[in-house]
Amino acid sequence: MCGPAPRWAAGNRRSMSTAVRVRYAPSPTGIPHVGNIRTALFNWLFARHMGGSFIVRIEDTDQARKVDGAVEAILESLAWLGIDWDEGPERDGCGERGAYGSYFQSRRKEEGLYDRYARQLVNGGHAYVCDCTTERLDSMREAQRAAGQPPGYDRRCRNLAAQARAAQAANGSPKVVRFKVPESGDTSFHDLIRDEVSFQNDLLDDFVLLKSDGFPTYHLANVVDDHLMEVTHVMRAEEWLSSTPRHVLLYDAFGWTPPLFAHLPMILGSDRSKLSKRHGATSLLEYRDEGFLPEAMLNFLALLGWSLDDKTEKFTSDELIKHFAIERIGKTGAIFNKEKLEWFNGVYVRQMPATGLARRMTPFLEGKGGLPADVSRPIDQAYLSRIVPLVQERVKRLDEAAELTGFFFSDGIAPQAADLVQKGMDGAATRGALEAALARMEALAAWDAPALEQALRALAGELQVKTGQLFGALRFAATGSKATPPLFDTLAVLGRERVLRRVRRAAQALAA
RNA sequence: GGCGCAUUGGUCUAGCGGCCCAGGACGCCUCCCUCUCAAGGAGGAGAUCACGGGUUCGAAUCCCGUAUGCGCUACCA
């Protein structure tokens, strides 16, 4: 499985550096959704723009909410978009890289790290041990709510007399460590996106730093790790804005200089609320499976909350890196607009080389939900390479490939007489036209688009039907579809044998 | 309820005091191209810049209030 255990703090750790260091700090509680990944993207763009470091740190401090496979899904999501990281878990899940590890908070916890810092705060008079039960806490909050008071810890354990403290230490009950929030004054900080933000301390309660299971809370772990990892900018979603004063207070208590903060606008569901399962497909990997291209997704995501100017909207990742600036990040939440994503995807599909498109389409054609079962796999790549140019400007998502190209592969098309007959014609006329076309096509010396077009256009004239009528009937006879790529190209790629067989069958259907 | 943040067409956005009775894009509609569908081209509908007060010669842009939305208010992150 994995090789030897990594050695932490092994070297070239540049302290005294002014280089930018940012981090993406997801908690492995599920498959990351587009909002999570957008946060990662902004951090990455900023790091790369500034020539700094991008760190991935796994905040797995909640044992109850931990989900198997989540770390892999996070790393896979980043990798899919081409977001690379300088420090953090290795992509294959084996080991980690970077001189500030571990990058898993659960491992840092095992080393006693948070315990040490929590104790330092207790010893310094900035925190205290609390053994209030959850039952008591719950009823306290209930009473507060009933009385119209803001809910919050009532600080019962904050100022225990020496004797009571000793008794508490001896009683063996579960204990947490709480931070002593100043009872007066304000805590304010400068946010790179929202300017000055200020909170009254007396509205903050004594939040927990260390849980009774020994794990740190987000507040403690995040502050300790950002400091130890020398993180310079904390760029995270706006939902964290309200807890930032707690973090600032913690930095103060430790005597550390806080990083710079930038609270990103959130990505919202169609009802403008925080993204959740209720909003349908929200995980990044689902979009991948629906046939969106990573470069289109990256481009689209970057524009959700950031813009360069009033017109530029197409960016490669290098261009994004080149232009990205925190000052150009917006303040308001953005609804994830799938239709625009689909448009973007179409743009990228059209501009890529046909060979690349063929390669990317193949798994969607061969996989489930792809071509009908009667089509043998693997599919003929040479044949595919002739089809792709015909559908390239018609594909929006790769998962439409099978629907668009199915008739090229499968004979399982059943032309209904009613669909064969074009406007202004009847069954007999249609059958006659099809049979005449059959004769012309059989006589063709060369089976290619120009020859087909020349012969069939001439035929329409002779038959005194509109080209649209003849071509429409032929299209349906040969493909079983009313909407296809240009007829002659399509017939040419399908091949003489297949076309004649299908058209013959259609003519017979009309006779019945 | 309290606190915080936000508020430009359905959606993403430009705008950081006069160039804006508001520009671009997606979507929608019409037309052109055309063998269908796309793609492409040309037009169009759609915003009293949330509302009300100020400040200013002048406000989408600054200030205050209100409303609305969202976020936070856990031994979750």
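Only this structure's heavy atoms are used, side chains among them; waters, hydrogens and symmetry mates stay out. Chain letters run A, B, ... following the sequence lines, proteins first, then strands; residues in each count from 1.
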Residue Arg350(A), side-chain heavy atoms: nucleotide from G40(B), C5(B), A77(B) that is nearest: G40(B)
Counter-base of G27(B), judged by Watson-Crick or G-U geometry with both distances under 3.5 Å: none
For Ser139(A), side-chain contact (heavy atoms from CB on, under 4.5 Å) partners two or more places apart: none
Lys/Arg N to Asp/Glu carboxylate O, Glu462(A) vs Arg440(A), below 4.0 Å: yes
Rounded interatomic separation in angstrom, taking CG from Leu463(A) and P from C35(B): 17 Å
Polar pair under 3.5 Å, donor/acceptor by atom type, side chain Thr467(A), base C35(B): no
Pair His233(A)-Asn43(A), side-chain donor/acceptor within less than 3.5 Å: no
Under-4.0 Å side-chain N/O to phosphate OP1/OP2 contact, Arg178(A) with C75(B): yes
Whole-Å P distance, C51(B) and A22(B): 15 Å
Contact pattern, 5' to 3', of nucleotides 23-30 of chain B - B, S or - by protein heavy atom under 4.0 Å: BSBSS---
Heavy-atom neighbours of Ile31(A) CD1 exceed 12 at 6.0 Å: no
Side chain Arg475(A) and base C35(B) donor-acceptor under 3.5 Å: yes
Touch class at under 4.0 angstrom, heavy-atom based, for Thr29(A) against every strand present: nothing
Sugar-phosphate, base or nothing in reach of Ile335(A), heavy atoms under 4.0 Å: sugar-phosphate
Length of the CD-P vector between Glu239(A) and A74(B), whole Å: 15 Å
Validation row, ring centre Phe300(A) to ring centre Trp343(A) under 6.0 Å: no
Sugar-phosphate only, base, or nothing, as touched by Val395(A) at under 4.0 Å among non-hydrogen atoms: nothing
Nearest-Å distance for atom pair CG/P, residues Leu209(A) and C76(B): 12 Å
Sugar-phosphate, base or nothing in reach of Thr332(A), heavy atoms under 4.0 Å: sugar-phosphate
Basic-acidic side-chain contact under 4.0 Å: Lys482(A), Asp419(A): yes
P spacing across the pair C70(B) / U11(B), given as an integer number of angstrom: 14 Å
Rounded distance in Å between the C1' positions of G65(B) and U7(B): 15 Å
Phosphate-side-chain proximity, Arg141(A) and C75(B), N/O vs OP1/OP2 below 4.0 Å: yes
Ion pair Asp399(A)/Arg397(A), N-O distance below 4.0 Å: yes
Protein-nucleotide distance (Phe336(A), atom CZ; U13(B), atom C1'), rounded to Å: 16 Å
Interatomic distance at C1', U48(B) relative to U34(B), whole Å: 43 Å
OP1 or OP2 of U36(B) under 4.0 Å from side-chain N/O of Ser481(A): no
Distance test, side-chain N/O of Arg457(A) to OP1/OP2 of C35(B), below 4.0 Å: yes
Sugar-phosphate only, base, or nothing, as touched by Tyr218(A) at under 4.0 Å among non-hydrogen atoms: base
Contact list for residues 194-213 of chain A, test ring pair (Phe, Tyr, Trp, His ring centres under 6.0 Å), sequence neighbours left out: Phe179(A)-Phe207(A), Phe207(A)-His219(A)
Touch class at under 4.0 angstrom, heavy-atom based, for Pro486(A) against every strand present: base
Sugar-phosphate only, base, or nothing, as touched by Gly346(A) at under 4.0 Å among non-hydrogen atoms: nothing
A74(B) phosphate, OP1 or OP2, under 4.0 Å from Arg246(A) side-chain N/O: no
Atom-pair distance (CG on Asn201(A); C1' on C3(B)), nearest Å: 13 Å
Contact under 4.0 Å: Lys211(A) side-chain N or O vs A77(B) OP1/OP2: yes
Touch class at under 4.0 angstrom, heavy-atom based, for Lys466(A) against every strand present: nothing
Mate of A22(B) where both pairing distances stay under 3.5 Å, Watson-Crick or G-U: none
Residues Arg108(A) and Gln105(A): side-chain donor-acceptor under 3.5 angstrom: no
Touch class at under 4.0 angstrom, heavy-atom based, for Thr484(A) against every strand present: base
Atom-pair distance (CD on Gln392(A); C1' on G40(B)), nearest Å: 15 Å
Touch class at under 4.0 angstrom, heavy-atom based, for Pro245(A) against every strand present: nothing
Base-pairing assignment for C76(B) (Watson-Crick or G-U wobble, both under 3.5 Å): none
Complementary nucleotide for G40(B) - Watson-Crick or wobble, under 3.5 Å: C32(B)
Nearest heavy-atom neighbours spanning Asp489(A) and Ala449(A): OD1-CB, 3.5 Å
Whole-Å P distance, C28(B) and A67(B): 38 Å
Counter-base of C5(B), judged by Watson-Crick or G-U geometry with both distances under 3.5 Å: G69(B)
Separation of atom CZ in Arg38(A) from atom C1' in C12(B), rounded to whole Å: 12 Å
Base of C70(B) paired with side chain of Arg272(A) (donor-acceptor, under 3.5 Å): no
Distance between C1' atoms of U36(B) and A42(B) (Å, rounded): 23 Å
Sugar-phosphate only, base, or nothing, as touched by Arg328(A) at under 4.0 Å among non-hydrogen atoms: sugar-phosphate
Inter-nucleotide P distance (G43(B), G23(B)), Å rounded: 15 Å
Pair Asp115(A) + Arg119(A): basic N to acidic O under 4.0 Å: yes
Spacing between Met266(A) atom CE and G71(B) atom P, to the nearest angstrom: 5 Å
Sugar-phosphate, base or nothing in reach of Lys482(A), heavy atoms under 4.0 Å: base
Sugar-phosphate only, base, or nothing, as touched by Val176(A) at under 4.0 Å among non-hydrogen atoms: base
A14(B) to U61(B) separation - P atoms, rounded to the nearest Å: 16 Å
Complement of U48(B), any strand, by Watson-Crick or G-U distances under 3.5 angstrom: none
Ion pair check, Lys396(A) and Glu342(A), cut-off under 4.0 Å: no
Contact under 4.0 Å: Ser242(A) side-chain N or O vs G71(B) OP1/OP2: no
